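Scroll down for the structure; my scribbles are underneath it.
Fair warning: this is a prediction, and the values are worked out from it, not measured in the lab. Every chain is numbered from 1 and lettered A, B, ... according to where its sequence line falls, protein lines coming before strand lines.
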Amino acid sequence: MYNEKVIEVFKNPKNMGDLEGANAIGTVGNVTCGDIMQMSLIIEEDIIKDAKFKTFGCVAAIAASSMATEMIIGKSINEAMQIKNSDVVDALGGLPPQKIHCSVLAEESIHEAIKNYKEKHIK
Amino acid sequence: MYNEKVIEVFKNPKNMGDLEGANAIGTVGNVTCGDIMQMSLIIEEDIIKDAKFKTFGCVAAIAASSMATEMIIGKSINEAMQIKNSDVVDALGGLPPQKIHCSVLAEESIHEAIKNYKEKHIK
Amino acid sequence: MELIYLDNAATTPLSSKALADMTPYFISEFGNASSLHEKGRMAKRAVEASREIIANSIRARSNEIYFTSGGTESDNWAIRGVIKASKNNVKHIITSAIEHPAVLNTCKELEKEGVLVTYVYPDKNGLISVEDIKGAVNSNTILISIMFANNEIGTIQPIAEIGSFCREEGILFHTDAVQAMGTLDIDVNKMCIDLLSMSAHKFNGPKGIGVLYIKTGVKIDKFIVGGEQERGKRAGTLATPLIIGMASALEETLSNRESKNANMILLRDSFISDVQHNIPYVHLNGDKVKRLPNNINFSFEFIEGESLLLKLDLDGVAVSSGSACASGSLQSSHVIKAIGVSDELAHSTIRFSLGNNTTREQMNRALKILIKNVETLREMSPLYDSKKKEGKYV
Amino acid sequence: MELIYLDNAATTPLSSKALADMTPYFISEFGNASSLHEKGRMAKRAVEASREIIANSIRARSNEIYFTSGGTESDNWAIRGVIKASKNNVKHIITSAIEHPAVLNTCKELEKEGVLVTYVYPDKNGLISVEDIKGAVNSNTILISIMFANNEIGTIQPIAEIGSFCREEGILFHTDAVQAMGTLDIDVNKMCIDLLSMSAHKFNGPKGIGVLYIKTGVKIDKFIVGGEQERGKRAGTLATPLIIGMASALEETLSNRESKNANMILLRDSFISDVQHNIPYVHLNGDKVKRLPNNINFSFEFIEGESLLLKLDLDGVAVSSGSACASGSLQSSHVIKAIGVSDELAHSTIRFSLGNNTTREQMNRALKILIKNVETLREMSPLYDSKKKEGKYV
Ligand SMILES: Cc1ncc(COP(=O)(O)O)c(C=O)c1O
Ligand SMILES: Cc1ncc(COP(=O)(O)O)c(C=O)c1O
């Protein structure tokens, strides 16, 4: 069901854990669906300097989280906001149809974290 | 479907052919059902001295014909009239349910031949 | 005494290559293709590779191939599934009078449930006329089911013509290709086939596995429900080894189809003419030309088929009378009757079906054994007697 | 690294004895059991010998055993067949909420067709109460279908009691014994079972073959129609090698059932207590005592089951989350939900199912691997985080 790339990312996820000094945190999903994704970012001058995730979820959710952090580090928040769930899916070489929603969570968690940052810093 | 006894009798049928000097002939069955049995007997003083059959029919029909001739040779016509189809089935060690009617043909062909004899001789 | 097996239309031996390909999947790679772990994914990959081979063989796409337990289930599913999925008030099916019981009995069951069925009759060679089908269509016709080639008399039907007519009319077209797979060229697109049944054991694959091809977009209900296997359309743990064996056997059979067919046709036609020259009172059933390469079907006057079958068997030649499926019943073959053969002759019918490896030497021996036993049984037959008395037989 | 296969409830490797017994029937004794010639009769004899072995194993008679393509088909046939054969105007079925999808989805289809179905809920250990069943019966109840033992949580149901109640009431009783065959003692007479489903690949037999036991006299419609196989009740060429493999595997499994069960129960129970002692926040699902010898089912808080499954797999331990059949769907297991586990925990469920040859050494290694991966995934989980902040976990 999963391709080898997804399995590989799941096996060795990048940027997993708590992020010391994070100034932007977004959490999406709910336990009923079995997926909760938490994205922590360090944003300096609108650039995402660092990102880490924590995820309660399936293989696809964990792989998408990891992939998403890799895709946004170094990007401006505007650029990061442009990242679509389909970009995450593509970067993972595809996901099974019923797992696409996990990539949506990844997109949403980035948006949520940036929103959190904006609320705190750009008033 | 057939037991080994039936196959054995079919393989080496006894008393097959025309019977020279037959004074009693019975033919039963019809081509629509795929079975025609012809029983020829030589009856002397109410004793069946000899019997032969000819059969167009399935394995069971041929085996039953052969078995029937063996069962009646040497018997009185009264005794032969007592032979039931089930006796033929038993002598063959059983027949598949849908083939029981072949043993009925054997019984009927004996009756028919004896009737034919009586019509000609016992007036 | 080496057996001469001329009953390949009933079933075929498993290809030894197919068995070799299957074997690892019994014990070491035994995973459930639905399992998420590597053991399961391994099985899944093998299943999908097999699915692709089978799809290619009829120019279908992989996701149009659904594994079933055999030709019978495929036929049941195709017909019942399409009828159940239809929202029409009145539902009408057209099929032929010479279909396999898997199709005919499904139609008969559906008739009990209120579905209307027209059974088109073939001509004396077993050919279904496209005109007759056209004539049977009405506004309620949902499905036309015509077999690719007949299992008893080998007649090949005008599938492409029926298919293109169905497509024009917007009627679904199912074909039972159980006997055609492996020998005939099948292109579901060119032939406008919406549903197609196959069974592995007819082309040297394993017993217990078949396929229903369902063209994308065809509305069909599930038949066996349960788990989410086969994209939610056919439940039940996939029989991985059987699937692999099916694909392997099919690939092997198709690899040199042309030369094998040519060989079988040669053997078939010389056997037919040998029988006709050596045995009087015989009748070939089925079309001479539009005929499966491996099918020979004769009626032998004055002889009952089952007795001849057993006689041949005792001499080491395995053949069939009527179809194996019908065996055990007293009725003579519905196919033979549908092509207008008399009841008497219908009971006198024997099918010889060749295999990929049948040799000329085997056919020659079979001929000798056949001649001898026809003679023996005719001597036993009161019908032959009367014929002789009429002086018609010299 | 040798694989530790703890997913025997999904499927089992074929027994090598069974494979050896099957092998001759693939290529040399390949005849169609319906064929009248010796090649066919040979197959037929082998099929009948196998039928007898299977019949004996549940104390049934040979002519009460019908071969199918697996547990799913058996379940579909049993339920649909009984409903279709009934002449009642209103038809009512009682089943449980924790049946396999093969039963549940058949019932759901029948509901669409107007049949009434009551789904009895189990207690928190997965036990169905006979009283609840009695309470659900009404004058239209035709059939009660309760599984012998559950495939996910292993709970064994009070089959004999349900059976004798059904017999008294004149209601037909079907049990899906797919998971019970091979380990539990089954006597269809003593237990008053009218219909019973089994599937060979769950007890080291081949995939693609199963049985429906139908007690003599039970009125049931055909499901797959066509030829006259299986006394006219189930059409389709018999898969002789699979049938032989099924009987061979069953015989082997039952030959030392007691000692194998004792071994599995020992391993099962020490694994359960090891997990409970070494991993906090775990919940055993299913009944502790009325439990299949080979079933272990835990929910691990803060972890999603599929991720744990894959982690274990990467470390060479094959297990299942929910049931293999449900995999690919997003829903958490209907069984786990039916026993009242919260949605969150339902997503955190892993089944370990032992095989005949599972060793203590394997279980010990599996435990270590489990502990490590539960730890890793919890570190990754934001839920575990909040728990720690609450200071509840030390
Ligand atoms: C034309 C045709 N259709 C269907 C079937 C049924 O196939 P199976 O026996 O594999 O179910 C057969 C063979 O028995 C056949 O010859
Ligand atoms: C309880 C139960 N019933 C039915 C089935 C279906 O069996 P099969 O997959 O062989 O059709 C299974 C296994 O998948 C099962 O565990």
Lys44(C) atom NZ: more than 12 heavy-atom contacts under 6.0 Å: no
Do you know which of Phe30(D), Tyr5(D), Phe67(D) has the most heavy-atom pairs under 4.5 Å to chain C? Phe30(D)
Hey, do the aromatic rings of Phe223(D) and Tyr66(D) have their centres closer than 6.0 Å? no
If you count heavy-atom pairs under 4.5 Å between each of Asp221(C), Asn105(C), Asn76(C), Asp75(C) and chain D, which one has the most? Asn76(C)
Between Glu38(C) and Arg45(C), is there a side-chain N and carboxylate O pair less than 4.0 Å apart? yes
Could you tell me if Asp315(C) and Asn373(C) have a donor-acceptor pair between their side chains, going purely by distance under 3.5 Å? yes
Quick check on Lys112(C) against chain D: is it the side chain, the backbone, both or neither that has a heavy atom closer than 4.5 Å? neither
Has the side chain of Thr68(D) got a donor or acceptor atom that lies under 3.5 Å from a matching backbone atom of Gly70(D)? yes
Exercise: do Glu306(C) and Ser321(C) side chains pair donor with acceptor under 3.5 Å: no
Check whether any side-chain N or O of Arg41(C) sits under 3.5 Å from a backbone N or O of Leu36(C) as a donor-acceptor pair, and report yes or no. yes
Is the closest side-chain donor-acceptor distance between Thr358(C) and Gln362(C) under 3.5 Å? no
Taking Ser199(D), Pro206(D), Gly31(D), Gly208(D) one by one, which has the highest count of heavy-atom pairs under 4.5 Å against chain C? Gly31(D)
Determine whether Val317(C) and Leu370(C) make a side-chain contact, defined as any pair of heavy atoms from C-beta on separated by less than 4.5 Å. no
Select, from Ile243(C), Leu309(C), Thr72(C), the one with the greatest count of heavy-atom pairs under 4.5 Å involving chain D. Thr72(C)
Val319(D) portion near chain C, given a 4.5 angstrom heavy-atom threshold: backbone
Any salt bridge linking Lys39(C) with Asp313(D)? Criterion: basic side-chain nitrogen under 4.0 Å from a carboxylate oxygen. no
Less than 4.5 Å apart, any side-chain heavy atom of Glu152(C) and any of His334(C)? yes
Per-residue tally against chain D (heavy atom, under 4.5 Å) across Ala235(C), Gly245(C), Pro241(C), Ser28(C) peaks at Ala235(C)
Atom group of Glu109(C) that falls short of 4.5 Å from chain D, counting heavy atoms: side chain
Check whether Ile27(D) gets within reach of chain C through its side chain, its backbone, both or neither, counting any heavy atom under 4.5 Å. both
In residues 11-20 of chain D, which residues are in contact with chain C at a heavy-atom separation under 4.5 Å? Thr11(D), Thr12(D), Pro13(D), Leu14(D), Ser15(D), Ser16(D), Leu19(D)
Region of Arg234(D) in contact with chain C, defined by heavy-atom distances below 4.5 Å: side chain
Give the member of Met22(C), Lys84(C), Arg80(C) that has the highest number of heavy-atom pairs under 4.5 Å with chain D. Lys84(C)
Hey, is Glu113(D) close enough to Lys108(D) for a salt bridge, meaning N to O under 4.0 Å? no
Region of Leu242(D) in contact with chain C, defined by heavy-atom distances below 4.5 Å: side chain
Side chain, backbone, both or neither: which part of Leu238(D) has a non-hydrogen atom closer than 4.5 Å to chain C? backbone
Do you know which of Gly232(D), Gly40(D), Ala102(D) has the most heavy-atom pairs with chain C at a distance under 4.5 angstrom? Ala102(D)
When you measure from the side chain of Glu29(C) to the backbone N and O of Pro24(C), does any donor-acceptor pair fall under 3.5 Å? no
